[in-house]
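Numbers here are sequence positions counted from 1.
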Amino acid sequence: MAALSGVRCLTRALVAARSPGAWRSLSTSSVVHAASPNQAEDLRVEGAFPVTMLPGDGVGPELMHAVKEVFKAAAVPVEFQEHHLSEVQNMASEEKLEQVLSSMKENKVAIIGKIHTPMEYKGELASYDMRLRRKLDLFANVVHVKSLPGYKTRHNNLDLVIIREQTEGEYSSLEHESARGVIECLKIVTRTKSQRIAKFAFDYATKKGRSKVTAVHKANIMKLGDGLFLQCCEEVAELYPKIKFETMIIDNCCMQLVQNPYQFDVLVMPNLYGNIIDNLAAGLVGGAGVVPGESYSAEYAVFETGARHPFAQAVGRNIANPTAMLLSASNMLRHLNLEHHSSMIADAVKKVIKVGKFPSAVPSFLLQPLPSGV
């Protein structure tokens, strides 16, 4: 067995080793205390939080299986409603998309794997993943990049947050051939959405006790588009005098992240830049397999990996790292106000990595930085 089963099995053991009365300690109902074990289990099911689960492609189903096993071991009061949507497995249609949307709108909370987007053009420019995010207006993607003790990386003790606007920008799916051999791809930047993501970033910094927000842009070249985004960030920054505000051109930001990532706290940026920076920053702390992420609208919250990779070449090989998905699941539980279960799972995962001691079936490479795409 390799990384997937190793972390999963040891996490289950750590979670199961916690107080057997953990669920009862969370309940204030005298009925639960007086009920038999079977009756208590029935009450847990009835009172479970419904969550939409979308396994996605590649190793997504394997990672979701790990989440379900850990949740079962921790007696987490969550009921997953599983749906499948995939453009590469012939499981994508308008009907399936509407089923997923209906479930997510009803439950308000979802955990999803990467829905792979084929490069081939088949008549529709917007992928199902993009359409899902737009229909739910999941405008803010948040990736908390934090070092995990036990992973040997060039930089230690990193703690920064990347906030990405993900409903417009370069991913607007507005492309056309204006003349033979000439393709125009439109980048959409609006004042409304730029102000909204800027305010989200400053509100996030305020709520989390962060001290600085850096707006990342390319306004020196895209003077109108990125210029508008930068202007909106500057206007919003004036409303938060206690938060330090800086700006940085995207190419310089990439270099600075590699050379001195400690200078950053919260970064806010348009769509494409956020996609790139998410992956770059994940590489600083161990790879795509260790960084959790989440996306928000005014109504919905979706939890996922911070760097989105299907890692299709690892399917069935039992080598995918479930850390990012388990930490995302832990963040989801915190969002649901299940603080005890959230901390239980996150602490168990981090302890496994920090201690670095595994059953003999688990190889030592689990503690090494993950290869690209993991």
Side-chain angles (χ1 to χ4, degrees), residues 1-12 15 48-74 76 78-93 95-104 107 109-118 127-133 136 138 282 287-295 301-333 345 349 361-362 366 370-374:
M1 293 189 295
L4 185 60
S5 58
V7 171
R8 185 176 65 220
C9 291
L10 196 46
T11 301
R12 284 192 63 184
V15 171
F49 290 88
V51 171
T52 302
M53 173 178 280
L54 201 60
D57 295 309
V59 296
E62 297 175 34
L63 300 181
M64 292 303 183
H65 180 69
V67 169
K68 287 187 285 188
E69 282 203 348
V70 169
F71 274 35
K72 182 179 179 180
V76 177
V78 163
E79 177 187 351
F80 289 118
Q81 297 176 5
E82 191 167 331
H83 295 266
H84 295 274
L85 185 67
S86 171
E87 295 187 59
V88 297
Q89 301 179 53
N90 296 319
M91 290 191 294
S93 66
E95 182 181 1
K96 287 185 177 293
L97 179 61
E98 288 304 318
Q99 290 173 353
V100 172
L101 286 169
S102 177
S103 176
M104 294 174 77
N107 297 331
V109 178
I111 184 168
I112 68 174
K114 168 61 179 173
I115 303 173
H116 183 60
T117 302
S127 68
Y128 277 85
D129 183 42
M130 293 166 61
R131 292 167 65 189
L132 190 67
R133 295 176 192 278
L136 295 173
L138 295 167
V290 300
V291 179
E294 53 231 46
S295 294
V302 173
F303 296 84
E304 56 196 331
T305 55
R308 303 164 186 164
H309 295 273
F311 196 27
Q313 63 270 36
V315 173
R317 295 171 58 194
N318 202 25
I319 61 173
N321 192 329
T323 302
M325 193 62 79
L326 288 172
L327 292 178
S328 293
S330 171
N331 292 339
M332 180 189 75
L333 295 179
I345 291 172
V349 171
V362 183
L366 177 60
L370 299 173
S372 175
V374 176

Practice prompt. Show your working on side chain to side chain contact (heavy atoms under 4.5 Å, CB included) between F49 and L333 and close with a plain yes or no.
Written response: CA-CA 10 Å; F49 290 88; L333 295 179; over 6 Å; no

Worksheet item: Between T323 (side chain) and V290 (backbone), is there a donor-acceptor pair under 3.5 Å?
Response: no

Spacing of [X] atom [atom1] and [Y] atom [atom2] [to the nearest 0.5 Å]:
X: I111; Y: F80; atom1: CD1; atom2: CZ; answer: 5.5 Å
X: M332; Y: L326; atom1: CE; atom2: CG; answer: 11.0 Å
X: L54; Y: L85; atom1: CG; atom2: CG; answer: 5.5 Å
X: L327; Y: T305; atom1: CG; atom2: OG1; answer: 11.5 Å
X: M64; Y: M325; atom1: CE; atom2: CE; answer: 4.0 Å

Response to the item:
Correct closest heavy-atom pair for A288 and A324 would be O-CB, 3.8 Å

Item to complete: Identify the two heavy atoms, one from A320 and one from L63, that lie closest to each other, and give their separation to 0.1 Å.
Response: CB-CD2, 4.1 Å

Worksheet item: side chain to side chain contact (heavy atoms under 4.5 Å, CB included) between D129 and K114: does it pass, once the steps are laid out?
Response: CA-CA 8 Å; D129 183 42; K114 168 61 179 173; 4.1 Å; yes

Worksheet entry | Residues in side chain to side chain contact (heavy atoms under 4.5 Å, CB included) contact with P50, at least two apart in sequence or another chain | Q81, N107

Discussion item. A110: which residues meet the side chain to side chain contact (heavy atoms under 4.5 Å, CB included) condition with it, sequence neighbours left out?
Written reply: T52, M104, I112, V302

Fill in: From CA spacing to verdict: side chain to side chain contact (heavy atoms under 4.5 Å, CB included), V76, I345
CA-CA 10 Å; V76 177; I345 291 172; 4.1 Å; yes

Worksheet entry | Counterpart residues, side chain to side chain donor-acceptor pair (under 3.5 Å), relative to E82 (two or more places apart) | K68, H84

